[in-house]
Amino acid sequence: MSRKIQIFNTLTRKKEVFNPIVENHVGMYVCGPTVYGDPHLGHARPGITFDVVFRYLKHSEYKVRYVRNITDAGHLENDADEGEDKIAKKARLEQLEPMEIVQFYTISYHKAMADLNCLPPSIEPRATGHIIEQIEMVQQILKNGFAYEVNGSVYLDVNKYNEKYPYGTLSGRNIEDTLEGTRSLDGQTEKKSAVDFAIWKKASPEHIMRWSSPWGEGFPGWHMECSAMSEKYLGKTFDIHGGGMDLVFPHHEAEIAQSNACNACNPVNYWMHNNMITVDGKKMGKSLGNFINLEEFFNGSHDKLERAYAPMTIRFFILQAHYRSTVDFSNEALQAAEKGFTKLMNAMETLGVISASDTSTYDANALEEKCYTAMDDDFNTPILIAHLFDGVRIINSVKDGKESLNSVDLEKLKNIFNTFVTDILGFISSKESGENNLTNEVMDLVLQLRTNAKKSKDFETADLIREELDKAGIQIKDSREGSSWEVKN
RNA sequence: GGUAUCGUGGCCGAGUGGCUAGGCUAUGCUCUGCAAAAGCAUCUACAGCAGUUCGAAUCUGCUCGAUACCUCCA
């Protein structure tokens, strides 16, 4: 491959040229959802971000194994529930089996991701399906002397670990700072040091999700699943690990420590983190009460939403910002994105009907080059989209007869749009899914009648048709070649 | 308190030591029977202060402000 992809590596805080471990192959692990609640905007960001990374790497002729976990064992909760498993807690409240809840929300998550046109990962392992692997890993860490058992729980001995491996390299912390900022938590009396973290936890009597282990009945520690499953499917060291920025510490820092403690090698070469989504300038969070789930977005039922927004509008909106920037959701911004997206997709359609000339006033090759350059630079989708809008202007100008493209450039432009808009950015026209042939045929007839009316200067009828369709939410667009229509938002 | 990130035009949002980001909005023009769409044009910003430099919005320092992580979270 002649092009070089640069990735911003959280580990070094620099952009680095991407070189995979195995030539032409990429192993990528992304932290997936904890399936104990409805999928929300926060899930959309990494879903879409790494979907584009996945698509672009594949387009760049890498064979990619994309692993994204489903966390169904639940993480610990450190509130009044005394460390009760999240999923177990919800199950008890709703009188359901834990796996029933897990199943329900896993399906919701899959549906939301499909709506957003995110490709399914290559492997989607579940934490509960890999308890044995996690126990084995804990055993190995114990054997290597980096962990200790207390009363049925096993903790990673961070101070001991830090003697051999630097702890805190990913998040830029050291043990002293971490200790200083650590609050007193439940179960801390068992730990040798406040910075130690559980890799296996003893199950309390009310804990429903529990497994037998060499240390008694319990469940895996907060961070074990990712270490165990990434190693199983991608190896002891793999290329890319992704996730939200909020996972840098402690989750990913712990993963690095576990892998080093177990395998004596760094698990990941390139760490990628997407930034947070904000609503009204604040992080969306359960505790803040400002979180909007995806279903509410798609049907507009949340109080903060003026109306519904299509999944593709959200996808476009998210990709119009760089993945390492925060993106603030507001009705105004979403509606602007929606219009921009419609403009882009309309140009895609126009591209299919314009015809070639003998000469070109535009260099399509230069556009292609710019698009690749943008994506090679740490997956810069906003720049890519800006370049594509340059193409949009050309397409519309060609239609107006103000610019021209020869057949070579026209084909190239079609190729660019299919590649970048459809394949890489993953945008699909809402028309494709929303309407059927019957509608199209009826509309063709209506437009034909209106055109006839216009020809015979019966503007009263022509305007009546236009106005009535407008009331029904259909917009008529006249041009030299004839009329077309689209459903208004 | 510790660790990071960020402050860009009416709004959203890129970028960067010197040359137009882009989208949305607004105004004008062109096209059109009219309108819409589309094209063109205009509105030309980089929190504040000081420094480095021939030149900084871009580098350095300070000030102010915002956000995030340090606790489950994407």
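By convention in this document, chain letters (A, B, ...) are assigned in the order of the sequence lines, proteins followed by strands, and residues within each chain are numbered from 1. Since the structure is predicted, the reported quantities are computational estimates derived from the model, not experimental observations.
- To the nearest whole angstrom, the two P atoms, one in B/rU30 and one in B/rA35, are 11 Å apart.
- Between the P atoms of B/rG22 and B/rU44, the separation comes to 16 Å (whole Å).
- Qualifying salt bridge (Lys or Arg N to Asp or Glu O under 4.0 Å) partners for A/Asp246, counting only residues two or more places apart in sequence or in other chains: none.
- Here B/rU5 presents its P atom at 14 Å from OH of A/Tyr323, a figure rounded to the nearest Å.
- No donor-acceptor pair closer than 3.5 Å links the side chain of A/Arg315 to the backbone N or O of A/Asp115.
- Across all strands shown, A/Leu334 has no heavy atoms under 4.0 Å from either base or sugar-phosphate atoms.
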For A/Tyr167 and A/Asn159, run side-chain hydrogen bond (donor to acceptor under 3.5 Å, both in side chains): C-alpha distance rounded to whole Å, both residues' side-chain angles, the deciding distance at 0.1 Å, then the answer. CA-CA 9 Å; A/Tyr167 178 76; A/Asn159 285 296; over 6 Å; no
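- Applying the salt bridge (Lys or Arg N to Asp or Glu O under 4.0 Å) test to A/Glu468 and every residue at least two apart in sequence or in another chain returns A/Lys471.
- Two rings, from A/Tyr309 and A/Phe317, have their centers 6.0 Å or more apart.
- Regarding A/Lys283, its NZ atom lies at a distance of 13 Å from the P atom of B/rU67, rounded to whole Å.
- Residue A/Gly42 is in base contact, counting any heavy-atom pair closer than 4.0 Å across all strands shown.
- Cation-pi geometry between A/Arg324 and A/Phe8 is satisfied (NZ or CZ under 6.0 Å from the ring centre, within 45° of the ring normal).
- The side chain to side chain contact (heavy atoms under 4.5 Å, CB included) check on A/Ser325 picks up A/His322, with sequence neighbours excluded.
- Base pairing in RNA chain B gives the following stems of 3 or more Watson-Crick or G-U pairs, range against range and under 3.5 Å: B:1-7 with B:64-70, B:10-12 with B:22-24, B:26-30 with B:38-42, B:47-51 with B:59-63.
- A/Asp390 has its CG atom 15 Å from the C1' atom of B/rA14, to the nearest Å.
- B/rG51 sits 29 Å from B/rG2 when the P atoms are compared, rounded to a whole Å.
- Separating the CG atom of A/Leu367 from the C1' atom of B/rG22 is a distance of 13 Å, rounded to the nearest angstrom.
- For the side chain to side chain donor-acceptor pair (under 3.5 Å) test, no residue two or more places apart in sequence or in another chain qualifies with A/Ser404.
- Using a 4.0 Å cut-off, some side-chain N or O of A/Thr34 falls inside it from OP1 or OP2 of B/rA74.
- Annotation: salt bridge (Lys or Arg N to Asp or Glu O under 4.0 Å) contacts of A/Lys343 (sequence neighbours excluded): none.
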Nucleotides 6-13 of chain B: which of its N/O atoms have a protein N/O under 3.5 Å away?
unit_1	atom_1	unit_2	atom_2	d
B/rC11	O2'	A/Glu332	OE1	3.3
B/rG13	OP1	A/Asp328	N	3.4

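- Side-chain nitrogen and oxygen atoms of A/Asn380 include at least one within less than 4.0 Å of the OP1 or OP2 phosphate oxygen of B/rG15.
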Could you pull out all donor-acceptor pairs under 3.5 Å where a side-chain atom in residues 385-395 of chain A meets a protein atom, sequence neighbours excluded?
unit_1	atom_1	unit_2	atom_2	d
A/Asp390	OD1	A/Arg393	NH1	2.6
A/Asp390	OD2	A/Tyr362	OH	3.1

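- B/rC54 and B/rC70: their P atoms are spaced 46 Å apart (whole Å).
- The CE-P distance, from A/Met276 to B/rA74, rounds to 9 Å in whole Å.
- For B/rA45 and B/rU58, the C1' atoms lie 14 Å apart once the distance is rounded to whole Å.
- Counting to the nearest Å, the C1' atom of B/rA68 and the CG atom of A/Asn274 are 13 Å from each other.
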In B/S/- notation, 5' to 3', how is nucleotides 32-45 of chain B contacted by protein heavy atoms closer than 4.0 Å? -BBBBSBSS-----
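- Taking atom P in both B/rC6 and B/rG15, the straight-line distance is 10 Å, to the nearest Å.
- Less than 4.0 Å separates RNA chain B from no heavy atom of any residue of residues 110-121 of chain A.
- Across the C1' atoms, B/rA47 and B/rC64 are found 8 Å apart, a figure rounded to whole Å.
- With sequence neighbours left out, the side chain to side chain contact (heavy atoms under 4.5 Å, CB included) criterion links A/Ser360 to A/Leu405, A/Asn406, A/Asp409.
- With sequence neighbours left out, A/Lys14 forms a salt bridge (Lys or Arg N to Asp or Glu O under 4.0 Å) with no residue at all.
- At B/rU25, one or more side-chain N or O atoms of A/Lys339 fall inside 4.0 Å of OP1 or OP2 (strictly under the cut-off).
- Using modelled atom types, one side-chain atom of A/Gln134 and one backbone atom of A/His130 make a donor-acceptor pair closer than 3.5 Å.
- What separates CD1 of A/Ile318 from C1' of B/rA14 is a distance of 17 Å, to the nearest Å.
- When rounded to the nearest whole Å, the span between NE2 of A/His251 and P of B/rC70 equals 13 Å.
- Between the A/Tyr270 side chain and the A/Val17 main chain, a donor and an acceptor come within less than 3.5 Å of each other.
- B/rC31 and B/rC40 are spaced 16 Å apart, taking the P atom of each and rounding to whole Å.
- The pair A/Asp470-A/Arg466 fails the salt-bridge criterion, with no side-chain N (NZ, NE, NH1 or NH2) lying under 4.0 Å from an Asp/Glu carboxylate O.
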